[in-house]
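Below is one structure; the comments refer to it alone.
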Amino acid sequence: MSKNLEHQFSMLVREVRKEYVGNGPKEISTRFVGNWAISEMKGNLTNVEKFMISSEQGKQMVHEARTKMVKQIYKKDEVVNKFEALMGAKVLRMFSDINIDEDIAMTVFVFEQSIESKEK
């Protein structure tokens, strides 16, 4: 398994998040398991979002906005194409969620074939 490819994948996730959300996560790590790429991101929330989550309603709003927005980003052809080009495999689906209290997000990309042993 190529740690370099995992790093490249993480940097692409950060680049996409920064482009579409306005900031990328402070920490990101990616692991390949079979046909999944699992990215864990820490330090995702903006200062405005951190202020908003001081109330329960604010937490709900930030969570909903973050999860819906991320899912919309990863539906864009130009974004999907970047991941497919890097991995040499078609993206079948993507799952994403964020734990607002801990400021940790997880995104799982499901590819059409195993990516675990890919070398670049």
Side-chain angles (χ1 to χ4, degrees):
M1 178 181 340
S2 173
K3 291 290 180 193
N4 184 45
L5 188 57
E6 288 174 347
H7 177 74
Q8 289 176 45
F9 194 95
S10 291
M11 292 304 96
L12 181 55
V13 170
R14 182 187 312 275
E15 173 189 312
V16 166
R17 297 252 177 160
K18 192 170 185 175
E19 180 179 346
Y20 290 95
V21 180
N23 71 319
K26 288 181 177 54
E27 295 177 39
I28 182 168
S29 63
T30 299
R31 296 292 171 262
F32 299 149
V33 179
N35 64 327
W36 295 358
I38 305 163
S39 295
E40 177 185 36
M41 294 149 279
K42 298 177 181 175
N44 301 279
L45 300 176
T46 65
N47 288 335
V48 171
E49 289 171 326
K50 287 176 185 175
F51 174 76
M52 290 175 65
I53 66 171
S54 60
S55 74
E56 206 50 48
Q57 184 180 10
K59 281 183 188 179
Q60 269 188 303
M61 288 172 55
V62 171
H63 183 269
E64 187 175 327
R66 276 283 179 156
T67 54
K68 284 185 177 180
M69 179 175 53
V70 166
K71 289 175 183 176
Q72 289 305 312
I73 291 168
Y74 289 114
K75 286 182 179 178
K76 295 178 180 291
D77 288 339
E78 65 268 19
V79 173
V80 172
N81 291 341
K82 288 178 183 182
F83 286 96
E84 291 179 347
L86 176 64
M87 300 310 298
K90 182 175 175 44
V91 175
L92 296 179
R93 64 191 61 86
M94 186 275 309
F95 301 94
S96 186
D97 199 6
I98 186 167
N99 179 313
I100 296 298
D101 294 321
E102 295 183 40
D103 195 3
I104 297 174
M106 299 287 289
T107 302
V108 178
F109 300 81
V110 181
F111 289 88
E112 71 177 344
Q113 64 195 47
S114 177
I115 57 170
E116 192 170 6
S117 61
K118 289 227 179 255
E119 295 288 333
K120 286 265 175 174

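As the structure is a computational prediction, the values presented were derived from the model and not from experiment. The residues of the chain are indexed from 1 along the displayed sequence.
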* Structure fact -> Note: Ser29 and Ser10 closest approach over all heavy atoms is C-OG, 3.8 Å
* Is there a chain of hydrophobic side chains (I, L, V, M, F, W, Y, each step under 4.5 Å between heavy atoms) that links Phe111 to Ile73? -> yes
* For the residue pair Ser96 and Val70, what are the closest heavy atoms and their distance? -> OG-CG1, 3.4 Å
* To do: Check each of Val91, Asn35, Leu92 against Glu112 using the side chain to side chain contact (heavy atoms under 4.5 Å, CB included) test, and report the only one that passes.
  => Leu92
* To do: Inspect the surroundings of NZ in Lys50 and state if more than 12 heavy atoms from other residues, nucleotides or ligands are less than 6.0 Å away.
  => yes
* Hydrophobic cluster partners of Val62 (side-chain heavy atoms under 4.5 Å) -> Leu45, Val48, Met52, Ile53, Met61, Ile98, Ile100
* Asked: Linking I/L/V/M/F/W/Y whenever their side-chain heavy atoms sit closer than 4.5 Å, directly or via other members, would Phe109 and Tyr20 fall into one cluster?
  -> yes
* Asked: With the 4.5 Å side-chain cut-off for hydrophobic clustering, are Trp36 and Phe9 part of the same group?
  -> no
* **Nearest atoms (heavy-atom pairs only) where Gly58 meets Ser55** => N-OG, 2.9 Å
* Hey, any chance Phe32 and Met94 share a hydrophobic cluster, counting ILVMFWY side chains that come within less than 4.5 Å of each other, even indirectly? -> yes
* **Side chains of Ser39 and Arg17, donor plus acceptor under 3.5 Å** => no
* To do: Would you mind checking if Glu19 and Lys82 are paired as a salt bridge, meaning a charged N to carboxylate O distance below 4.0 Å?
  => yes
* Within one Ile-Leu-Val-Met-Phe-Trp-Tyr cluster: Met69 and Phe95, side-chain cutoff 4.5 Å -> no
* **Heavy-atom pair with the smallest gap, counting every atom of Val13 and Tyr74** => CG1-OH, 3.7 Å
